[in-house]
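Here the structure comes first, spelled out in structure tokens, and everything after it is commentary.
The figures here come from the full heavy-atom set of this structure, side chains too, leaving out hydrogens, waters and symmetry mates. Sequence lines set the chain letters: A, B, ... in the order given, protein chains first and strands last, and positions in each chain run from 1.
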Amino acid sequence: MAQQKISAPKGVSEYAPPRSSAFEFVRDSLIAPASRAGYQLIELPVFEDTELFKRGVGESTDVVSKEMYTFEDRGGRSITLRPEGTAGVMRAVIEHGLDRGQLPVKVWYSGQFFRAERPQAGRYRQFYQVGIEAIGLDDPAIDAEVIAIADAGFKALGLKKYRLEITSLGDLQSRAAHRVDLLKFISTLELDEATAARAAINPLRLFDDKRDEMKKAMQNAPLLIDYLTDESREHFNRVIKYLDALGISYVLNPRMVRGLDYYTGTTFEFVHELLGAQSGIGGGGRYDGLMEQLGGQSLSGIGFGLGVDRALLAAEAEGVIGSDAFVSDLFIIPLGDEAKLQALTVASALRAQGKTVEIAFGDRALKGAMKGADKSGATYVIVLGESEISTGTVELKEMKSGVSTSVKIDSLLEALEK
RNA sequence: GUGGACGUAGCUCAGCUGGUAGAGCACCCGGUUGUGGUCCGGGAUGUCGCGGGUUCGAGCCCCGUCGUUCACCCCA
């Protein structure tokens, strides 16, 4: 009796072969530059105390107020599936006293995150991000380095059609001054109910409105960048100077808005041109008050998160995804029971030496097995039957040329390495 | 969360004004006994997303539901 099929929960992204190898390539390419810059892996739980995100990310944010997967565990604790990476990293850094050692603390992470949004292409309820955090250094040079690492990841992937947008959100003083004038400006606007509600929660949000009439209305709104304190301005100017020196191109976007409360100072976003509405492939910035907010010492920090799913979509859209499909070195076709045993032995020995070896089990006809070998893209094929076993010699066939040479089974390794 | 589009074999899709489903690709087998890619021949496959309704009769019409997708929103 056929049972009813069970399908994946709504809106999750998952990757099966052969696309999974593209996913793997994207994920690894994006994060590789981090370890080359001395960042070390930090592996964290996917669920945390709900309070961590409320306090870290901010209760007024959409992410926390309406997009979290929160539930009570069996001990009555409120648990939340992590919607982003930074808060968890800060929690762990404080908990393990990493900030008591040499600064900055430099870590990278990779994994899945969860947000209960309405799904569409590039926006999933479970999605993948890689990211880094550099904690405990105010130097604008680290800002530039962090941005350069993200940019290097996208470049390593082969992406071209994206841009880096950058601005500074300034410090508390800068934002307070700006907020007063911005609210004054907004009060002169006629807003519909939903928009007014958004403005009440975070007036900066109005800069993000996609509607033309709103864009026009906000044309003359006071910009935060014009309210930076001398210190914030100087910091930002130096970041820009370093980026120029690094040859990293960027667009200044003083209207950029970020959805997480902890951002301060340098803030940036990578936007891809071919992705439609979900075009942000990465973003990050400083979060100078976060650690203290979470009960740690008062250290600054900066980091980014890159969307692996979206970067994959972008790579596919640009047609730059490398065709590094799985290919084995040797494909063994055993004929008969005795040969299977022999094939297993030979394969184990070669695999122990680092060779990728596949065996055609299942007693397929030789023709079918050869077809399988061909499809697998294997470099070499051997047929293992009675005569081969008794003579200890096989015909090593190179699939591409069709040429085969006699090789002793014992010297297969050397033959493969030629 | 709001509004719109779509949902037919593993994949891409066709199916005229309602009459109980097809193509290409992929897959499997064979073309004389142990060597692939081309070619030729043959073959399997669908509760037409799901549930109701209208009708003598629905893949085609109506309602609901689930999923995907586009925009808003949000952001990776």
Side-chain angles (χ1 to χ4, degrees), chain A residues 2 4-5 7-13 16 18-19 26-27 30 57 61-67 82-86 110-131 150 192-195 197-198 201-202 205 208-211 214 256-260 263 269-272 275-284 304-314 331 333-336 339 360 362 364-378 380-388 394-404:
Chain A
Q4 192 159 36
K5 281 187 208 153
S7 47
K10 180 183 175 120
V12 300
S13 68
R19 197 155 95 111
V26 170
R27 185 235 276 141
L30 286 180
V57 178
T61 61
D62 280 25
V63 168
V64 170
S65 65
K66 43 189 179 199
E67 295 171 2
R82 60 181 186 189
E84 61 89 57
T86 304
S110 167
Q112 43 279 79
F113 295 86
F114 309 84
R115 251 118 99 161
E117 297 179 271
R118 180 138 167 196
Q120 71 189 69
R123 180 165 78 184
Y124 308 106
R125 293 186 164 184
Q126 172 178 294
F127 56 99
Y128 293 81
Q129 254 184 263
V130 298
D192 59 86
E193 203 176 325
T195 312
R198 283 199 293 139
I201 294 166
N202 181 358
R205 286 252 79 98
D208 214 18
D209 203 302
K210 302 249 181 32
R211 293 170 298 183
M214 275 307 293
M256 185 163 73
V257 182
R258 305 248 70 210
L260 313 182
Y263 284 114
E269 219 170 84
F270 289 87
V271 182
H272 195 90
L275 253 34
Q278 310 306 324
S279 59
I281 51 177
F304 63 65
L306 310 183
V308 182
D309 311 270
R310 288 184 187 177
L312 172 58
L313 254 20
F331 195 97
I333 300 174
L335 301 174
R364 283 177 93 186
L366 182 58
K367 180 169 174 162
M370 278 305 290
K371 223 169 174 176
D374 186 43
K375 296 246 165 66
S376 83
Y380 290 101
V381 175
I382 60 172
V383 173
L384 214 50
E386 277 176 40
S387 63
E388 283 82 3
V394 295
E395 290 295 310
L396 182 66
K397 180 168 183 174
E398 189 191 22
M399 291 302 276
K400 208 169 156 193
S401 62
V403 179
S404 54

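- Q112(A) comes within 4.0 angstrom of no nucleic acid atom, judged by non-hydrogen atoms across all strands.
- For rA23(B) and rU17(B), the C1' atoms lie 24 Å apart once the distance is rounded to whole Å.
- Annotation: rG59(B) and rC50(B) have their P atoms spaced 11 Å apart (nearest Å).
- Between the C1' atoms of rG4(B) and rG43(B), the separation comes to 44 Å (whole Å).
- With salt bridges taken as basic N to acidic carboxylate O contacts below 4.0 Å, one links E269(A) and R258(A).
- Annotation: rA58(B) and rC63(B) have their C1' atoms spaced 15 Å apart (nearest Å).
- With R115(A) contributing its side chain and Q126(A) its backbone, the two residues share no donor-acceptor pair below 3.5 Å.
- One finds the CG atom of D374(A) at 10.0 Å from the CZ atom of F331(A) (value rounded to the nearest 0.5 Å).
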Tell me, with the steps shown, if D209(A) and R198(A) meet salt bridge (charged side-chain N to carboxylate O under 4.0 Å, His left out).
-> CA-CA 10 Å; D209(A) 203 302; R198(A) 283 199 293 139; 2.8 Å; yes
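- Only the P atoms considered, rG3(B) is 12 Å distant from rU65(B), to the nearest whole Å.
- A heavy-atom distance below 4.5 Å is not found between the side chains of F113(A) and P83(A).
- The partner of rA71(B) is rU2(B), judged by Watson-Crick or G-U wobble contacts that both fall below 3.5 Å.
- rU55(B) and rC13(B) have their C1' atoms separated by 29 Å, given to the nearest Å.
- Searching all strands for a Watson-Crick or G-U wobble partner of rG22(B) with both distances below 3.5 Å returns rC13(B).
- When the C1' atom is compared between rC29(B) and rU12(B), the two are found 25 Å apart, to the nearest whole Å.
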Give me the distances for all protein-to-nucleotides 35-39 of chain B N/O pairs that come in under 3.5 Å?
| from | atom 1 | to | atom 2 | distance (Å) |
| --- | --- | --- | --- | --- |
| rU35(B) | O2' | K397(A) | NZ | 2.9 |
| rG36(B) | O2' | D374(A) | OD2 | 3.4 |
| rG36(B) | N7 | K397(A) | NZ | 3.0 |
| rG36(B) | O6 | M399(A) | O | 3.3 |
| rG36(B) | N1 | M399(A) | O | 2.4 |
| rG36(B) | N2 | D374(A) | OD1 | 2.7 |
| rG36(B) | N2 | M399(A) | O | 3.2 |
| rG36(B) | N3 | D374(A) | OD1 | 3.3 |
| rG37(B) | O4' | D374(A) | OD2 | 3.2 |

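- In this structure, rU54(B) makes no Watson-Crick or G-U wobble pair, since no nucleotide meets both defining distances under 3.5 angstrom.
- When both pairing distances are held under 3.5 Å, rG46(B) makes no Watson-Crick or G-U pair with any nucleotide shown.
- Between the CZ atom of R364(A) and the C1' atom of rC28(B) there is a distance of 9 Å, given to the nearest Å.
- In this structure, the side chain of R118(A) does not engage the main chain of G11(A) through any donor-acceptor pair within 3.5 Å.
- Between the side chain of E84(A) and the backbone N or O of T86(A) there is at least one donor-acceptor pair closer than 3.5 Å.
- Summarising the local packing, CD of E386(A) is surrounded by 12 or fewer heavy atoms from other residues, nucleotides or ligands at distances under 6.0 Å.
- Base pairing of rG7(B) is made with rC66(B), judged by Watson-Crick or G-U wobble geometry with both donor-acceptor distances under 3.5 Å.
- When only modelled atom types and interatomic distance are considered, T195(A) and R205(A) share no side-chain donor-acceptor pair under 3.5 Å.
- We find that D309(A) and R27(A) are not joined by a salt bridge, their nearest charged nitrogen and carboxylate oxygen being 4.0 Å or further apart.
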Using a cut-off of 4.0 Å between protein heavy atoms and nucleotide atoms, how would you tag nucleotides 69-76 of chain B 5' to 3' with B, S and -?
-> SSBBBBBB
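- rC62(B) and rC25(B) have their C1' atoms separated by 36 Å, with the value rounded to a whole Å.
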